[in-house]
Amino acid sequence: MADNVRVRFAPSPTGPLHIGGVRTALFNYLFAKKHGGSFVLRIEDTDRSRFVEGAEEYIVEALNWLNIPYDEGPNKEKGFGPYRQSERKDLYKQYADQLIQSGKAYYAFDTADELASQRKEYEAKGETFIYNWHNREQLNNSLQLSEEEIEQKLASGIAYTIRFKTPLIKDLQLHDLIRGEISIDTATLDDKVLFKSDGMPTYHLANIVDDHLMEISHVIRGEEWLPSLALHCLLYDAFGWRPPQFAHLSLILKPNGKGKLSKRDGEAGGFPVFPLQWSVNEGESLAGYREDGYLPEAVLNMLAFLGWNPGTEQELFQLEELVQAFSLERVNKAGAKFDPEKAKWFQQQYFVELDSAQLAKEFDVLLKEKNIDGGDNLVEIVASIKERAVFLSDLWEQGSFFFEAPSAYDEKAAKKAFKEDTPDILGNVIAVLNETDDFSSENISSTVKGWITSREMGFGKVMMPLRLALVGSMKGPDVFEIASLLGKEEAIKRIEAAVAFMS
């Protein structure tokens, strides 16, 4: 372990942040906090053609909503800035020049047409064109030119790129904290472009230079960067720098396990794959966990279990518990299958624990939109139904009967519950309730059950029709709790309506 743990989350602002990116941010955050280190946000915006307005703000807002804010980054300067690559572009050229001077890189003057022609030639032979050790000395670059000729070309303003001169190492040994030892034959690698003709560095150069200058100790990133690991380690070596330790996280897979989870999977399956809603254009948007009603704690807990497990039976973790339990040793190499139902399960576990008084305030807003008065016992109503809800919006579905008397009765249940003698039975229940002064659920329960027992009647003959009369269907909490929350007058009124309906 490095003395001073510094990790970075380095997204490109090219659109909304996918939950795969959010999980990468979370694992970086957990690792940093576990080791008393720093979590750095760096915006990798060198590709200006793909830059999307508002994407950086979205990234910051998503991290803040999830309660995993960065310690250091844009607008949180700690001496390693600037933290946007577009604001650092002037410093990359000197490092590209340094590699040229040490013979570790070279100028490539090949035009797009020349490279296209090479590709065609190789394809005609059934081969793939790779620009590297086997042909670089026959191509249009500085390797075969004198210093004078190179100077002339550069002075003429001719377009060029700077390519890395990949060394020939038959057995390059690399180490990944998740995947273990990796062996690469560098003869299979191409000489990557480090500096483009537009005067901007490629991801590879900017990434290495920034990680070095920002003193990043551990690079925890998605497995899509695994093919770049050899190049990045070779670049560290070319500069004579000590590399960070690397850890490559497995992919988040589609629910069927076949391929990487995409926004189309979310659209087709009706679940979000982004933390916050993202407007695509006028009137069209991509769903977000926040706007769909998920709690940030539930989303974090769900994401933590995509590719990591604590090695115990515990599934519900507060953020501080995740920090303490997290380790890269327990991150899986295999892809993690996304399960929308498990996401809802996590949401439900956290939803039930919410304070009923606070939930009642939020629910009251929904009721007012329907022109409904929540009444004095809204907190008690919410407490009685929240266990069956996953989202705030479910409270209406689960408890609308508290605010609207049944206008019809579930047909299937009515056939089963409403018998010939049911009107008489419910008439007797009305009489019992009329004589009951203490209308607490406990007292109604003992009074009605006592009456049923004294008549030697089956409980189902009373309880089923009573629930139907009060609710209109067979859902809801304890039937006596429902009656108590409705109040004596409303409960009797509904039972009378059911008797009238049967008559």
Side-chain angles (χ1 to χ4, degrees), residues 7 9 11 16-35 39 62-69 176-179 218 220-224 226 247-263 265-266 269-276 287-290 292-354 389-391:
V7 299
F9 176 51
L17 184 62
H18 186 276
I19 57 166
V22 178
R23 185 195 59 171
T24 299
L26 171 63
F27 284 13
N28 273 281
Y29 176 91
L30 296 176
F31 187 81
K33 298 302 160 192
K34 172 81 175 270
H35 299 288
F39 174 46
L63 297 180
N64 288 337
W65 175 65
L66 289 162
N67 197 28
I68 51 169
D176 184 277
L177 292 169
I178 294 168
R179 291 148 202 280
H218 295 76
I220 303 167
R221 59 188 181 184
E223 76 168 31
E224 63 269 27
L226 199 54
H248 290 85
L249 308 173
S250 62
L251 294 175
I252 296 180
L253 305 173
K254 299 172 188 284
N256 64 11
K258 294 174 183 173
K260 188 179 174 182
L261 182 72
S262 72
K263 71 174 185 182
D265 299 312
F271 57 85
V273 296
F274 301 106
L276 317 176
Y289 277 91
R290 182 177 67 182
D292 274 18
Y294 282 84
L295 296 164
E297 302 89 335
V299 176
L300 276 189
N301 205 151
M302 175 268 290
L303 285 175
F305 273 78
L306 287 174
W308 169 83
N309 74 78
T312 64
E313 294 300 307
Q314 185 178 346
E315 282 192 279
L316 298 174
F317 285 80
Q318 294 303 321
L319 185 56
E320 192 45 49
E321 291 178 300
L322 277 177
V323 167
Q324 295 310 318
F326 185 78
S327 74
L328 289 172
E329 288 75 23
R330 299 212 64 86
V331 174
N332 303 326
K333 295 176 198 172
K337 202 190 290 186
F338 181 76
D339 182 353
E341 291 309 309
K342 191 69 178 179
K344 283 185 182 171
W345 180 85
F346 277 112
Q347 164 65 14
Q348 209 263 334
Q349 302 304 307
Y350 283 92
F351 189 82
V352 168
E353 294 302 317
L354 289 176
V390 179
F391 303 105

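Since the structure is predicted, the reported quantities are computational estimates derived from the model, not experimental observations. The basis for the numbers below is simple: all heavy atoms, side chains too, and nothing from hydrogens, waters or symmetry mates.
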Compute the centroid of each ring, for F391 and then for Y294, and state whether the two points are separated by less than 6.0 Å.
yes
Do L177 and F31 have side-chain heavy atoms sitting under 4.5 Å apart?
no
Test side chain to side chain contact (heavy atoms under 4.5 Å, CB included) applied to I178 and I220, N332, V331, the passing residue:
V331
Please step through side chain to side chain donor-acceptor pair (under 3.5 Å) for the pair Q349 and E353, ending with a clear verdict.
CA-CA 7 Å; Q349 302 304 307; E353 294 302 317; over 6 Å; no
Residue K34 excluded, over 12 heavy atoms near NZ under 6.0 Å
yes
NZ on K33 to CD on E320, rounded to 0.5 Å:
10.0 Å
Run Q324 and E321 through side-chain contact (heavy atoms from CB on, under 4.5 Å) and show every step you take.
CA-CA 5 Å; Q324 295 310 318; E321 291 178 300; 5.8 Å; no
Could you tell me the separation between the CG atom of L30 and the CZ atom of F39, rounded to the nearest 0.5 Å?
9.5 Å
Between OH of Y289 and CH2 of W65, what distance do you get to the nearest 0.5 Å?
9.5 Å
Would you indicate whether K254, at its atom NZ, is surrounded by more than 12 heavy atoms from other residues, nucleotides or ligands within a distance under 6.0 Å?
yes
Which heavy atom in A336 sits nearest to a heavy atom in S250, and how many Å separate them?
N-OG, 4.2 Å
With the side chain counted from C-beta on, respond yes when L261 and I19 share a heavy-atom pair under 4.5 Å apart, and no when they do not.
yes
Under a 3.5 Å distance rule, please check whether R23 uses its side chain to pair with a backbone N or O of L306 as donor and acceptor.
yes
Can you check whether R221 reaches H248 side chain to side chain, under 4.5 Å on heavy atoms?
yes
Between H35 and H218, is any pair of side-chain heavy atoms under 4.5 Å apart?
no
Measure the spacing between CG of L300 and CD of Q318 and express it to the nearest 0.5 Å.
10.0 Å
Assign the ring pair F346 / F305 to parallel, tilted or perpendicular, where the plane angle (0 to 90°) is split at 30° and 60°.
tilted
Stepwise, does the side-chain contact (heavy atoms from CB on, under 4.5 Å) test hold for K258 with L253?
CA-CA 7 Å; K258 294 174 183 173; L253 305 173; over 6 Å; no
Side-chain touch I252/V273, heavy atoms, less than 4.5 angstrom
no
L17 vs F9, test: side-chain contact (heavy atoms from CB on, under 4.5 Å). Steps then yes/no.
CA-CA 12 Å; L17 184 62; F9 176 51; 3.7 Å; yes
Mind checking whether F27 and F326 have parallel, tilted or perpendicular rings, split at 30° and 60°?
tilted
Would you find a donor on one side and an acceptor on the other, under 3.5 Å apart, between the side chain of N301 and the backbone of E315?
yes
For P340 and P255, work out which heavy atoms get closest and say how close.
CD-CG, 4.1 Å
Ignoring hydrogens, what is the shortest heavy-atom contact between A32 and V7? Give both atom names and the distance.
CB-CG2, 3.8 Å
Test log, rule side-chain contact (heavy atoms from CB on, under 4.5 Å), inputs L319 and Y29
CA-CA 10 Å; L319 185 56; Y29 176 91; 4.1 Å; yes
Validation row: N67, P296 side chains within 4.5 angstrom (heavy atoms):
no
Approximate separation, where rounding is to 0.5 Å, of K342 NZ and M302 CE:
11.5 Å
Do the side chain of Q347 and the main chain of L295 share a donor and acceptor less than 3.5 angstrom apart?
yes
Rounded distance (nearest 0.5 Å) linking atom CG of L322 with atom CG of L316:
10.0 Å
Give a yes or no on whether the backbone of N309 and the side-chain of R330 come within a donor-acceptor separation of less than 3.5 Å.
yes
Write down the atom of P275, the atom of A62, and the distance for their closest heavy-atom approach.
CG-CB, 3.7 Å
Between the side chain of D265 and the main-chain N/O of S262, is any donor-acceptor distance below 3.5 Å?
yes
